[in-house]
Amino acid sequence: MARKVLGYIELVWTCDSCGTRNPGAIRSCTSCGAPQPIDVKFERVDPATFNFIKDEALIRMAKAGPDKHCPYCGTRNLAEAQICVKCGGDLTVGATSRPVGEIIEDETDLVQAASTNQADPTRQKVERKPLPKWALIVMILAILACCVFGVMYLTRMNQTDQLDATVSQAYWQRQVPVEAYQLVRASDWESNIPSNAQTYDCQMRYRYDSDTPKQNSEEVCGTPYTIDTGTGVGEVVQDCYYKVYEEYCSYDTMQWVVITTLVEDGYGTNAIWPSTSLTMDQRFGTSTERYTITFSTRSEEYQYTTTDYSLFQQAVPGSDWVIEVNGFGDITAISPD
Ligand SMILES: [Zn+2]
Ligand SMILES: [Zn+2]
């Protein structure tokens with residue numbers, strides 16, 4: 001978030017002794033002559049508008065740094081002053097600089113000032129209400145229920161039975177994708193597209209937010225607000241960021257594309273791979289294999305699926321096995337008997 005200075009405005013302070021509102025840069029009350037107190041609170045002259053200062057000298061003073069109070073008589077002096085304007089005391093040691101950087105408006109002023117500006121999401125404060133008691137109880141109950149369910153689930157998972165079973169069926173399926181090197185239309189951010197590719201249908205699209213201006217960026221600024229410079233002059237600033245847009249294009253590229261998938265399947269324990277003859281611009285993709293063994297016990301049938309071909313080859317229909325079945329009826333392990 002970049003802070004942008006819009007300009008400077010005159011501030012006012014109220015005299016403790018007589019209640020007169022004095023201009024920020026005036027160091028003793030215009031009515032009763034009382035010195036400005038060290039903990040003075042500056043306010044905006046008019047919270048609804050910004051009347052920017054045009055006087056260059058006043059702006060220079062605001063930029064020079066915070067005023068300082070004389071260690072001997074308390075009088076406010078300019079930042080660059082060496083000796084006190086009132087008592088002539090040495091200001092190079094022991095002078096107290098005014099606090100800087102405090103934001104002058106409160107939230108209600110901001111809302112008024114924001115009427116002509118779009119609201120800045122970064123300055124919005126979301127009030128959080130504490131959770132009601134019943135919600136807390138519901139949450140605790142829900143967590144407890146989850147724990148109980150989780151424990152039950154794990155027990156069922158881990159509770160296994162060893163059963164004698166016979167292989168009643170062995171089924172296999174093998175797949176081989178065939179890929180071809182083809183011209184494909186793809187789309188991406190222009191900066192990601194290979195320079196030799198032909199691009200078309202380019203569109204400006206929002207890509208990300210940046211703190212600094214970039215090529216093709218749009219500035220988004222929040223509500224202006226005023227900062228105390230410590231001089232009686234306020235600095236009006238705005239927090240801004242940049243929405244960066246980039247070209248998003250379609251382009252043509254050569255890629256390997258799956259054009260067909262060859263499948264072989266069958267029953268029994270001898271599986272074969274599908275095959276075909278490839279043309280010059282074709283290749284085989286990553287092949288997959290899946291073997292399903294059906295076991296029968298005295299009362300029930302269980303299915304077990306694996307990619308282990310050497311294990312599957314032992315599952316000759318009619319052979320005897322020992323299988324482990326968990327609480328959900330799933331086989332967790334098999335071994336030939
Ligand atoms: Zn006064
Ligand atoms: Zn002094």
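Positions are given from 1, in the same order as the sequence printed here. Just follow the structure's listing: the first ligand is 1, and inside any ligand the first atom is 1. Atoms considered below: every heavy atom in the structure, side chains included; atoms not considered: hydrogens, waters and symmetry mates.
Looking at Lys41 and Glu102, a side-chain N of the basic residue comes within less than 4.0 Å of a carboxylate O on the acidic one, giving a salt bridge. Comment: Arg283 engages Glu179 in a salt bridge, judged by a side-chain N to carboxylate O separation of less than 4.0 angstrom.
Here Cys32 contributes SG and Cys15 contributes SG, and at the Zn ion (ligand 1) these two atoms make an angle of 100°, given to 10°. At the Zn ion (ligand 1), the vertex angle linking SG of Cys18 with SG of Cys29 is 110° (nearest 10 degrees). Cys87 contributes SG and Cys70 contributes SG; the angle these two atoms make at the Zn ion (ligand 2) is 100°, rounded to 10°.
Less than 6.0 angstrom separates the ring centroid of Phe328 from the ring centroid of Tyr153.
A donor-acceptor contact shorter than 3.5 Å is absent between the side chain of Lys68 and the backbone of Thr96.
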